[in-house]
Amino acid sequence: MANAWKRESNKQPKYLSPILLLLSLSLFLLFLFFFYARSPLNPPNSTLYVPRVYPIPPFDCLKSPQAHPVVANIVENLKYPFLYSLSDFGSLPDKPHKNIVRLLKGKPFRKPDISATIQQLLEGMKGRNGLVVDVGANVGMASFAAAVMGFKVLAFEPVIDNLLRICDGIWFNRVADLVTVFEAAVSDRIGNITFYKLVGRLDNSAVSATGAKLAFKSNEEIALQVRTIPLDELITDSEPVLLLKIDVQGWEYHVLKGAVKLLSRKKDEAPYLIYEEDERLLQASNSSAKEIRDFLRSVGFSHCIQHGTDAHCTKD
């Protein structure tokens, strides 16, 4: 056995040829590239990204239940197209939702006005660093319009059915790193509030039962308890905000009062403001268009232009 060991020890060790070694190394690096590029646990720039800690936790789309089937489609005639998931099917089969008819005909979903408006405004803000804040996000038509342009979005929506459709859109549009969603109603104080959701409708929920039923008087409403938070509690002084969109069925005044610090920023740092100004809805929540305009002037927003039921406001 000793002599056998000596015979083996005198043999020259075998090495891989340089070509085989280089090929093996290349295959190994290629495997690592595809593994990490495709892994959901390694988002882009993950080594540089430090998750923001918010006073309330964001809604976790990965842990939320989903409806089946999911009905989604691309939006027509936008410069930066996106997909969104349909939440309101209307009354079937007598009055199918117009977008279901379009889907069956192979047409895109009708372009929501707010989506085109958001993209037109943000087109002039490209290259600037800042958030888009979507209060009353519904199914994300404003949020996704901004996110597919590369802007980071904070979206607030208290209705769970709509939240799930936002989660659909986050997946469809691959914008999980850009859109942060909160299951909350924005207001002027931290706490809880009674919120009214219409049976059979997902687009007319409101803090006021009267406001919720203005357009659909025959629908029954359900009272829910939802969390409230002011924007000033969630957005830090150092975070730039480019655009603030508010559509909350008459609760706009309370949202604005909870954003005094944000709105009081100097002209070059204050956000472009879009809010729904529907006098009937505002009165249902014990406020008025005049009260809102007076408040906005007090924080420097003296220039407002009406576009339908939306007001667009900036600082001079």
Side-chain angles (χ1 to χ4, degrees), residues 51-67 85 87-88 131-144 147 152-170 176 178-199 201-213 221-237 239 241 244-263 271 273 275-276 281-282 284-287 292:
R52 163 79 193 280
V53 178
Y54 293 99
I56 61 173
F59 187 75
D60 190 345
C61 286
L62 294 177
K63 293 182 180 178
S64 66
Q66 288 291 291
S85 180
S87 60
D88 183 6
L131 296 170
V132 173
V133 181
D134 185 3
V135 179
N138 194 255
V139 296
M141 292 172 286
S143 293
F144 298 135
K152 285 188 176 292
V153 179
L154 298 184
F156 298 84
E157 175 57 48
V159 179
I160 185 65
D161 308 73
N162 289 341
L163 281 166
L164 300 185
R165 302 293 71 77
I166 292 174
C167 289
D168 293 339
I170 286 174
L178 293 173
V179 180
T180 303
V181 193
F182 296 94
E183 184 181 10
V186 177
S187 189
D188 52 356
R189 65 191 66 188
I190 297 174
N192 294 283
I193 198 168
T194 302
F195 196 83
Y196 295 91
K197 174 184 177 298
L198 292 187
V199 176
R201 301 293 307 190
L202 297 177
D203 55 351
N204 274 72
S205 303
V207 172
S208 159
T210 303
K213 297 191 70 171
E221 77 273 7
I222 300 172
L224 308 169
Q225 285 292 307
V226 300
R227 169 185 283 172
T228 61
I229 188 167
L231 289 179
D232 282 342
E233 293 290 334
L234 195 134
I235 299 172
T236 65
D237 294 340
E239 286 181 296
V241 178
L244 170 57
K245 167 256 171 185
I246 307 170
D247 184 353
V248 288
Q249 299 297 106
W251 200 246
E252 283 77 10
Y253 179 56
H254 301 274
V255 175
L256 293 166
K257 283 207 306 180
V260 174
K261 289 196 296 184
L262 172 61
L263 297 172
L273 173 64
Y275 72 93
E276 186 179 33
L281 291 170
L282 292 170
S285 294
N286 299 316
S287 62
I292 288 179

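One-based numbering along the sequence shown.
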Can you find a heavy atom in the side chain of [X] that is under 4.5 Å from one in the side chain of [Y]?
{"X": "Phe144", "Y": "Val153", "answer": "no"}
{"X": "Leu154", "Y": "Arg52", "answer": "no"}
{"X": "Leu262", "Y": "Val133", "answer": "no"}
{"X": "Leu164", "Y": "Phe59", "answer": "yes"}
{"X": "Val248", "Y": "Val186", "answer": "no"}

Nearest heavy-atom neighbours spanning [X] and [Y]:
{"X": "Ile166", "Y": "Asn138", "answer": "CD1-O, 3.3 Å"}
{"X": "Ile190", "Y": "Pro230", "answer": "CG1-CD, 3.6 Å"}
{"X": "Glu276", "Y": "Leu281", "answer": "OE1-CD1, 4.0 Å"}
{"X": "Glu183", "Y": "Leu163", "answer": "CG-CD1, 3.3 Å"}
{"X": "Ser287", "Y": "Gly250", "answer": "OG-O, 3.9 Å"}
{"X": "Leu282", "Y": "Ile292", "answer": "CD2-CD1, 3.7 Å"}

Look only at the side chain of [X] and the backbone of [Y], and say whether a donor-acceptor pair between them is shorter than 3.5 Å.
{"X": "Thr228", "Y": "Arg189", "value": "yes"}
{"X": "Asp232", "Y": "Lys261", "value": "yes"}
{"X": "Asp168", "Y": "Ser85", "value": "no"}

Before giving the answer on side chain to side chain contact (heavy atoms under 4.5 Å, CB included), spell out for Phe156 and Leu231 the whole-Å C-alpha distance, their side-chain angles and the decisive distance to 0.1 Å. CA-CA 10 Å; Phe156 298 84; Leu231 289 179; 3.8 Å; yes
Taking the six-membered ring for Trp, are Phe182 and Tyr54 parallel (under 30°), tilted (30 to 60°) or perpendicular (over 60°)?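 Perpendicular: the ring planes of Phe182 and Tyr54 meet at over 60°.
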Inter-residue atom distance Ile56.CD1 - Ile229.CD1, 0.5 Å rounding: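 Separation between the atoms: 4.0 Å.
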